[in-house]
There are 2 protein chains.
Amino acid sequence: MRQAAPTTTFMDTGHDHAHCLDEALDRAAALCADRGVRLTALRRRVLELVWGGHKPLGAYDILETLKAERRGAAPPTVYRALDFLRTHGLVHRIESQNSFVGCPDPNKPHGGQFLICRTCGLAAELNDSGVDQAIRKSAAKAGFSVGRPIIEIQGLCPHCRKKG
Amino acid sequence: MRQAAPTTTFMDTGHDHAHCLDEALDRAAALCADRGVRLTALRRRVLELVWGGHKPLGAYDILETLKAERRGAAPPTVYRALDFLRTHGLVHRIESQNSFVGCPDPNKPHGGQFLICRTCGLAAELNDSGVDQAIRKSAAKAGFSVGRPIIEIQGLCPHCRKKG
DNA sequence: GCTATAATGTTATAGTATAACACTTAAAAG
DNA sequence: CTTTTAAGTGTTATACTATAACATTATAGC
Ligand SMILES: [Zn+2]
Ligand SMILES: [Zn+2]
Ligand SMILES: [Zn+2]
Ligand SMILES: [Zn+2]
(Lines give C-alpha, C1' and ligand atoms only; values in the text may rest on other atoms or scores of the structure.)
(Ligands and ions follow the chains in the order given, each with its own letter.)
Protein backbone atom coordinates (compact mmCIF):
# COMPACT_ATOMS: atom_id res chain seq x y z
CA MET A 1 0.00 0.00 0.00
CA ARG A 2 2.83 2.35 0.79
CA GLN A 3 6.40 2.40 -0.43
CA ALA A 4 9.22 1.68 2.01
CA ALA A 5 10.49 4.54 4.15
CA PRO A 6 13.69 6.14 2.89
CA THR A 7 16.91 5.70 4.80
CA THR A 8 17.20 7.89 7.84
CA THR A 9 20.95 8.42 7.78
CA PHE A 10 22.56 11.59 6.54
CA MET A 11 21.60 12.25 2.98
CA ASP A 12 24.40 12.37 0.49
CA THR A 13 24.81 15.94 -0.66
CA GLY A 14 24.25 14.70 -4.17
CA HIS A 15 21.13 12.63 -3.56
CA ASP A 16 18.09 13.04 -5.78
CA HIS A 17 16.20 15.41 -3.56
CA ALA A 18 13.48 16.16 -6.09
CA HIS A 19 12.56 12.49 -5.88
CA CYS A 20 12.97 12.50 -2.11
CA LEU A 21 10.51 15.41 -1.89
CA ASP A 22 8.03 13.89 -4.32
CA GLU A 23 7.91 10.73 -2.27
CA ALA A 24 7.36 12.68 0.92
CA LEU A 25 4.42 14.55 -0.63
CA ASP A 26 2.98 11.30 -1.95
CA ARG A 27 3.27 9.66 1.46
CA ALA A 28 1.51 12.67 2.99
CA ALA A 29 -1.33 12.54 0.48
CA ALA A 30 -1.80 8.82 1.07
CA LEU A 31 -1.70 9.21 4.85
CA CYS A 32 -4.28 12.00 4.82
CA ALA A 33 -6.53 10.04 2.50
CA ASP A 34 -6.29 7.02 4.83
CA ARG A 35 -7.21 9.12 7.82
CA GLY A 36 -9.94 11.11 6.13
CA VAL A 37 -8.26 14.45 6.79
CA ARG A 38 -7.58 17.19 4.28
CA LEU A 39 -4.15 17.95 2.89
CA THR A 40 -5.21 21.38 1.64
CA ALA A 41 -3.14 23.42 -0.80
CA LEU A 42 -1.76 25.48 2.07
CA ARG A 43 -0.81 22.50 4.18
CA ARG A 44 0.72 20.77 1.22
CA ARG A 45 2.72 23.86 0.35
CA VAL A 46 4.03 24.25 3.90
CA LEU A 47 5.03 20.59 3.91
CA GLU A 48 6.77 21.13 0.59
CA LEU A 49 8.71 24.08 2.01
CA VAL A 50 9.72 22.14 5.11
CA TRP A 51 10.91 19.36 2.83
CA GLY A 52 12.83 21.90 0.73
CA GLY A 53 15.91 20.32 2.24
CA HIS A 54 17.01 18.22 5.18
CA LYS A 55 17.80 21.30 7.18
CA PRO A 56 15.19 22.33 9.75
CA LEU A 57 13.36 25.56 8.93
CA GLY A 58 12.01 28.26 11.24
CA ALA A 59 8.31 29.12 11.13
CA TYR A 60 9.13 32.66 10.07
CA ASP A 61 11.40 31.41 7.29
CA ILE A 62 8.43 29.50 5.94
CA LEU A 63 6.28 32.59 6.40
CA GLU A 64 8.66 34.73 4.32
CA THR A 65 8.19 32.42 1.36
CA LEU A 66 4.44 32.13 1.85
CA LYS A 67 4.06 35.90 1.96
CA ALA A 68 5.44 36.15 -1.55
CA GLU A 69 2.84 33.66 -2.74
CA ARG A 70 -0.35 34.36 -0.82
CA ARG A 71 -2.02 37.60 0.08
CA GLY A 72 -2.34 37.88 3.83
CA ALA A 73 -0.07 35.12 5.02
CA ALA A 74 0.58 35.73 8.71
CA PRO A 75 2.06 33.79 11.62
CA PRO A 76 -1.14 31.84 12.31
CA THR A 77 -1.17 30.73 8.68
CA VAL A 78 2.06 28.83 9.09
CA TYR A 79 1.65 27.75 12.71
CA ARG A 80 -1.75 26.25 11.99
CA ALA A 81 -0.43 24.34 9.03
CA LEU A 82 2.53 23.14 11.08
CA ASP A 83 0.21 22.06 13.91
CA PHE A 84 -1.78 19.96 11.48
CA LEU A 85 1.34 18.43 9.97
CA ARG A 86 2.79 17.67 13.39
CA THR A 87 -0.46 16.15 14.62
CA HIS A 88 -0.27 13.70 11.77
CA GLY A 89 3.42 13.01 12.21
CA LEU A 90 4.40 14.57 8.90
CA VAL A 91 6.67 17.13 10.51
CA HIS A 92 8.72 17.22 13.70
CA ARG A 93 9.69 20.20 15.78
CA ILE A 94 13.35 20.54 16.75
CA GLU A 95 12.92 21.87 20.28
CA SER A 96 16.47 23.09 20.71
CA GLN A 97 16.24 25.27 17.60
CA ASN A 98 12.61 26.37 17.28
CA SER A 99 12.58 24.81 13.87
CA PHE A 100 10.71 22.21 11.90
CA VAL A 101 11.74 19.32 9.68
CA GLY A 102 9.92 16.76 7.59
CA CYS A 103 9.51 13.23 8.90
CA PRO A 104 10.60 10.49 6.51
CA ASP A 105 8.34 7.87 8.12
CA PRO A 106 5.08 9.47 9.27
CA ASN A 107 3.11 6.23 9.42
CA LYS A 108 5.09 4.79 12.26
CA PRO A 109 4.27 6.77 15.40
CA HIS A 110 7.48 7.80 17.15
CA GLY A 111 9.02 10.57 19.13
CA GLY A 112 11.79 12.15 17.16
CA GLN A 113 15.41 11.16 17.62
CA PHE A 114 17.65 13.54 15.71
CA LEU A 115 21.27 13.95 14.80
CA ILE A 116 21.88 17.61 14.05
CA CYS A 117 25.08 18.92 12.51
CA ARG A 118 26.29 22.08 14.17
CA THR A 119 28.23 23.10 11.07
CA CYS A 120 25.92 22.57 8.12
CA GLY A 121 22.65 22.42 10.04
CA LEU A 122 21.48 19.17 8.46
CA ALA A 123 19.27 16.96 10.59
CA ALA A 124 18.84 13.21 10.27
CA GLU A 125 16.24 11.18 12.03
CA LEU A 126 17.68 8.30 13.99
CA ASN A 127 14.83 6.25 15.40
CA ASP A 128 17.08 3.73 17.05
CA SER A 129 15.36 1.10 19.15
CA GLY A 130 18.50 0.56 21.24
CA VAL A 131 18.36 4.18 22.36
CA ASP A 132 14.66 3.90 23.02
CA GLN A 133 15.14 0.77 25.12
CA ALA A 134 17.99 2.27 27.12
CA ILE A 135 15.76 5.20 27.95
CA ARG A 136 12.83 3.04 28.95
CA LYS A 137 15.02 0.85 31.09
CA SER A 138 16.59 3.79 32.86
CA ALA A 139 13.25 5.56 33.33
CA ALA A 140 11.72 2.38 34.74
CA LYS A 141 14.44 2.27 37.38
CA ALA A 142 13.27 5.71 38.52
CA GLY A 143 9.63 4.59 38.49
CA PHE A 144 8.91 6.98 35.65
CA SER A 145 6.40 6.24 32.92
CA VAL A 146 7.74 7.38 29.55
CA GLY A 147 5.48 9.40 27.29
CA ARG A 148 7.19 11.45 24.61
CA PRO A 149 11.02 11.22 24.51
CA ILE A 150 12.80 14.15 22.91
CA ILE A 151 16.30 13.37 21.68
CA GLU A 152 18.36 15.94 19.82
CA ILE A 153 22.02 15.11 19.42
CA GLN A 154 24.16 18.02 18.33
CA GLY A 155 27.47 17.18 16.71
CA LEU A 156 29.19 16.80 13.37
CA CYS A 157 27.80 14.97 10.37
CA PRO A 158 30.10 12.66 8.38
CA HIS A 159 30.59 15.27 5.67
CA CYS A 160 31.51 18.17 7.95
CA ARG A 161 33.72 15.88 10.00
CA LYS A 162 35.94 15.19 7.00
CA LYS A 163 36.29 18.84 6.18
CA GLY A 164 36.91 19.59 9.90
CA MET B 1 36.99 18.37 48.91
CA ARG B 2 33.40 18.23 47.77
CA GLN B 3 30.49 16.34 49.24
CA ALA B 4 28.91 13.57 47.19
CA ALA B 5 26.32 14.56 44.62
CA PRO B 6 22.73 14.10 45.74
CA THR B 7 20.60 11.41 44.19
CA THR B 8 19.21 12.27 40.81
CA THR B 9 15.93 10.39 41.05
CA PHE B 10 12.64 12.08 41.77
CA MET B 11 12.78 13.89 45.03
CA ASP B 12 10.32 12.77 47.62
CA THR B 13 7.76 15.50 48.10
CA GLY B 14 8.71 15.57 51.74
CA HIS B 15 12.49 15.74 51.33
CA ASP B 16 14.49 18.36 53.21
CA HIS B 17 14.69 20.87 50.44
CA ALA B 18 16.20 23.62 52.57
CA HIS B 19 19.19 21.35 53.00
CA CYS B 20 19.10 20.35 49.35
CA LEU B 21 19.26 24.04 48.39
CA ASP B 22 22.01 24.88 50.87
CA GLU B 23 24.16 22.14 49.47
CA ALA B 24 23.60 23.33 45.93
CA LEU B 25 24.68 26.85 46.87
CA ASP B 26 27.72 25.52 48.69
CA ARG B 27 28.71 23.42 45.70
CA ALA B 28 28.34 26.47 43.49
CA ALA B 29 30.49 28.62 45.74
CA ALA B 30 33.20 25.94 45.85
CA LEU B 31 33.11 25.43 42.10
CA CYS B 32 33.42 29.15 41.39
CA ALA B 33 36.28 29.48 43.86
CA ASP B 34 38.06 26.56 42.19
CA ARG B 35 37.68 28.13 38.80
CA GLY B 36 38.50 31.66 39.84
CA VAL B 37 35.17 33.05 38.69
CA ARG B 38 32.83 35.22 40.68
CA LEU B 39 29.57 34.01 42.14
CA THR B 40 28.22 37.53 42.61
CA ALA B 41 25.19 38.32 44.75
CA LEU B 42 23.02 38.49 41.65
CA ARG B 43 24.22 35.20 40.22
CA ARG B 44 23.87 33.52 43.58
CA ARG B 45 20.36 34.84 43.96
CA VAL B 46 19.32 33.64 40.51
CA LEU B 47 20.77 30.22 41.29
CA GLU B 48 18.87 30.23 44.56
CA LEU B 49 15.62 31.03 42.74
CA VAL B 50 16.22 28.31 40.16
CA TRP B 51 16.82 25.91 43.02
CA GLY B 52 13.64 27.08 44.71
CA GLY B 53 12.28 23.69 43.75
CA HIS B 54 12.89 20.82 41.39
CA LYS B 55 10.50 22.29 38.90
CA PRO B 56 12.08 24.17 35.99
CA LEU B 57 11.48 27.92 36.02
CA GLY B 58 11.04 30.34 33.13
CA ALA B 59 13.40 33.30 32.80
CA TYR B 60 10.51 35.71 33.20
CA ASP B 61 9.32 33.94 36.34
CA ILE B 62 12.74 34.55 37.82
CA LEU B 63 12.58 38.14 36.60
CA GLU B 64 9.27 38.73 38.40
CA THR B 65 10.87 37.85 41.71
CA LEU B 66 14.03 39.83 41.03
CA LYS B 67 12.02 42.91 40.14
CA ALA B 68 10.56 42.95 43.62
CA GLU B 69 14.07 42.91 45.08
CA ARG B 70 16.27 45.00 42.83
CA ARG B 71 15.63 48.33 41.22
CA GLY B 72 15.90 47.99 37.46
CA ALA B 73 15.92 44.25 37.00
CA ALA B 74 15.27 43.57 33.32
CA PRO B 75 15.48 40.61 30.96
CA PRO B 76 19.25 40.94 30.44
CA THR B 77 19.72 40.82 34.19
CA VAL B 78 18.39 37.30 34.40
CA TYR B 79 19.60 36.03 31.04
CA ARG B 80 23.15 37.11 31.78
CA ALA B 81 23.11 35.40 35.14
CA LEU B 82 21.63 32.27 33.59
CA ASP B 83 24.29 32.31 30.87
CA PHE B 84 27.00 32.39 33.50
CA LEU B 85 25.39 29.61 35.51
CA ARG B 86 24.92 27.47 32.41
CA THR B 87 28.49 28.03 31.28
CA HIS B 88 29.67 26.61 34.57
CA GLY B 89 27.21 23.73 34.54
CA LEU B 90 25.26 24.99 37.54
CA VAL B 91 22.03 25.25 35.63
CA HIS B 92 20.56 23.42 32.64
CA ARG B 93 18.09 24.70 30.10
CA ILE B 94 15.06 22.52 29.34
CA GLU B 95 14.82 23.12 25.61
CA SER B 96 11.31 21.80 25.20
CA GLN B 97 9.96 24.23 27.81
CA ASN B 98 12.09 27.35 27.63
CA SER B 99 12.89 26.85 31.26
CA PHE B 100 15.83 26.39 33.58
CA VAL B 101 16.64 23.99 36.38
CA GLY B 102 19.52 23.55 38.81
CA CYS B 103 22.09 20.86 38.18
CA PRO B 104 22.75 18.55 41.13
CA ASP B 105 26.23 17.61 39.90
CA PRO B 106 27.89 20.59 38.23
CA ASN B 107 31.44 19.28 38.57
CA LYS B 108 30.93 16.42 36.19
CA PRO B 109 30.56 17.85 32.70
CA HIS B 110 27.52 16.32 31.01
CA GLY B 111 24.74 17.12 28.64
CA GLY B 112 21.46 16.99 30.44
CA GLN B 113 19.24 13.93 30.48
CA PHE B 114 15.90 14.76 32.05
CA LEU B 115 12.75 13.04 33.13
CA ILE B 116 9.98 15.63 33.18
CA CYS B 117 6.56 14.97 34.67
CA ARG B 118 3.76 16.34 32.54
CA THR B 119 1.42 16.53 35.51
CA CYS B 120 3.38 18.12 38.33
CA GLY B 121 6.18 19.63 36.25
CA LEU B 122 8.99 18.17 38.33
CA ALA B 123 12.22 17.40 36.49
CA ALA B 124 14.82 14.86 37.53
CA GLU B 125 18.24 14.55 36.01
CA LEU B 126 18.97 11.08 34.76
CA ASN B 127 22.57 10.96 33.58
CA ASP B 128 22.45 7.32 32.66
CA SER B 129 25.54 5.92 31.00
CA GLY B 130 23.53 3.19 29.27
CA VAL B 131 21.53 5.84 27.45
CA ASP B 132 24.67 7.74 26.61
CA GLN B 133 26.33 4.63 25.21
CA ALA B 134 23.30 3.66 23.17
CA ILE B 135 23.34 7.11 21.61
CA ARG B 136 27.04 7.04 20.86
CA LYS B 137 26.77 3.61 19.34
CA SER B 138 23.87 4.58 17.15
CA ALA B 139 25.47 7.87 16.11
CA ALA B 140 28.71 6.08 15.25
CA LYS B 141 26.80 3.83 12.86
CA ALA B 142 25.73 6.97 11.01
CA GLY B 143 29.28 8.34 11.01
CA PHE B 144 28.18 11.15 13.28
CA SER B 145 30.41 12.67 15.95
CA VAL B 146 28.43 13.39 19.11
CA GLY B 147 28.84 16.76 20.76
CA ARG B 148 26.03 17.78 23.07
CA PRO B 149 23.16 15.30 23.47
CA ILE B 150 19.83 16.76 24.56
CA ILE B 151 17.46 14.27 26.15
CA GLU B 152 14.14 15.35 27.61
CA ILE B 153 11.73 12.56 28.44
CA GLN B 154 8.20 13.69 29.10
CA GLY B 155 6.00 11.36 31.07
CA LEU B 156 4.67 10.67 34.55
CA CYS B 157 6.70 10.70 37.74
CA PRO B 158 6.17 7.92 40.33
CA HIS B 159 4.03 10.15 42.49
CA CYS B 160 1.67 11.37 39.75
CA ARG B 161 1.44 7.85 38.37
CA LYS B 162 -0.07 6.55 41.58
CA LYS B 163 -2.63 9.32 41.70
CA GLY B 164 -3.32 8.95 37.94
C1' DG C 1 -29.12 24.97 -2.58
C1' DC C 2 -28.97 24.93 2.66
C1' DT C 3 -26.73 24.07 6.78
C1' DA C 4 -23.04 22.71 9.69
C1' DT C 5 -18.25 22.41 10.09
C1' DA C 6 -13.57 23.02 8.90
C1' DA C 7 -10.15 26.02 7.19
C1' DT C 8 -8.19 30.38 6.47
C1' DG C 9 -7.83 35.57 6.88
C1' DT C 10 -6.93 39.32 9.88
C1' DT C 11 -5.57 42.06 13.77
C1' DA C 12 -3.70 42.24 18.00
C1' DT C 13 -0.95 40.61 21.67
C1' DA C 14 1.72 37.38 24.62
C1' DG C 15 6.06 35.22 25.58
C1' DT C 16 11.15 34.50 24.92
C1' DA C 17 15.71 36.38 24.02
C1' DT C 18 19.41 39.60 22.55
C1' DA C 19 21.82 44.09 20.90
C1' DA C 20 23.96 48.18 22.18
C1' DC C 21 25.68 51.46 25.06
C1' DA C 22 26.14 53.72 29.76
C1' DC C 23 27.48 53.19 34.35
C1' DT C 24 29.41 50.96 38.44
C1' DT C 25 32.18 47.89 40.92
C1' DA C 26 35.92 45.05 41.80
C1' DA C 27 40.37 43.13 40.60
C1' DA C 28 45.20 44.12 39.09
C1' DA C 29 49.14 46.96 38.46
C1' DG C 30 52.10 50.30 39.83
C1' DC D 1 46.84 53.88 48.13
C1' DT D 2 45.89 55.48 43.71
C1' DT D 3 45.50 54.56 38.96
C1' DT D 4 44.29 51.53 35.43
C1' DT D 5 41.71 47.94 33.41
C1' DA D 6 38.38 44.59 33.02
C1' DA D 7 34.19 42.49 34.55
C1' DG D 8 29.65 43.00 35.89
C1' DT D 9 25.30 45.38 35.91
C1' DG D 10 21.77 48.99 34.52
C1' DT D 11 18.95 50.71 30.94
C1' DT D 12 16.55 51.18 26.65
C1' DA D 13 15.22 49.36 22.64
C1' DT D 14 14.28 45.71 19.62
C1' DA D 15 14.26 41.00 17.47
C1' DC D 16 12.33 36.60 17.38
C1' DT D 17 8.76 32.98 18.46
C1' DA D 18 3.99 31.78 19.23
C1' DT D 19 -1.00 32.24 20.29
C1' DA D 20 -5.75 34.56 21.18
C1' DA D 21 -9.85 36.09 19.29
C1' DC D 22 -13.00 36.97 15.95
C1' DA D 23 -14.37 37.61 10.90
C1' DT D 24 -14.68 35.44 6.52
C1' DT D 25 -14.47 31.82 3.12
C1' DA D 26 -14.60 27.24 1.43
C1' DT D 27 -15.97 22.42 1.91
C1' DA D 28 -18.83 18.32 2.93
C1' DG D 29 -23.19 16.20 3.98
C1' DC D 30 -27.92 16.56 3.72
ZN1 LIG E 1 16.29 14.67 0.18
ZN1 LIG F 1 27.21 18.88 8.56
ZN1 LIG G 1 15.34 19.53 46.93
ZN1 LIG H 1 4.61 14.42 38.70
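Every chain is numbered from 1 and lettered A, B, ... according to where its sequence line falls, protein lines coming before strand lines. Side-chain atoms are counted along with the backbone in the values below, which use heavy atoms only and exclude waters and symmetry mates.
To the nearest angstrom, P of D/dA15 lies 16 Å from CG of A/L63. Between A/L82 atom CG and D/dT17 atom C1' the separation is 12 Å, expressed in whole Å. Atom CD of B/E95 and atom C1' of D/dT17 are 14 Å apart (whole Å). Rounded to an integer number of Å, the gap from B/R38 CZ to C/dT25 P is 12 Å. Taking atom CG of residue B/D83 and atom C1' of nucleotide C/dT18, one finds them 10 Å apart after rounding to whole Å. The distance between atom OH of B/Y79 and atom P of D/dA13, rounded to the nearest whole Å, is 19 Å. In this structure, A/F84 places its CZ atom 14 Å from C1' of D/dT27, rounding to the nearest Å.
With values rounded to the nearest 0.5 angstrom, B/Q97 atom CD is found 11.0 Å from B/L57 atom CG. Between atom OG of residue A/S138 and atom CG of residue B/N127 there is a gap of 9.5 Å, rounded to the nearest 0.5 Å.
Between B/H92 and B/C103, the closest heavy-atom pair is NE2-SG, 3.3 Å. Minimum heavy-atom separation, A/P104 to A/E125: CD-OE1, 3.1 Å. Here the closest non-hydrogen pair linking B/P149 and B/V146 is CG-CG1, 4.0 Å.
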Verdict with supporting geometry, B/R35 and B/H88, side chain to side chain donor-acceptor pair (under 3.5 Å): CA-CA 9 Å; B/R35 298 190 186 178; B/H88 292 287; 3.2 Å; yes
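With its ring centre under 5.5 Å from that of the base six-membered ring and a plane angle below 30°, B/Y60 counts as stacked on C/dT16.
For A/R148 (side chain) and B/I153 (main-chain N/O), no donor-acceptor pair under 3.5 Å exists by modelled atom type.
Under the 4.5 Å side-chain contact rule for hydrophobic residues, B/W51 and B/V46 share a cluster.
Using a 4.0 Å heavy-atom distance criterion, B/R80 is classed as a base contact.
Contact check on A/R45 versus A/E69 returns a salt bridge, with a Lys/Arg side-chain nitrogen under 4.0 Å from an Asp/Glu carboxylate oxygen.
Proximity of residues 39-49 of chain A to DNA chain C (heavy atom under 4.0 angstrom from any strand atom) is restricted to A/T40, A/L42, A/R43. Contacts between residues 66-77 of chain A and DNA chain C, defined by a heavy-atom separation below 4.0 Å, involve A/R70, A/R71, A/G72, A/A74, A/P76, A/T77, listed by number.
Nearer to the 5' terminus of DNA chain C, by closest-nucleotide assignment, is the contact made by A/V37 (compared with the other of A/V37 and B/F100).
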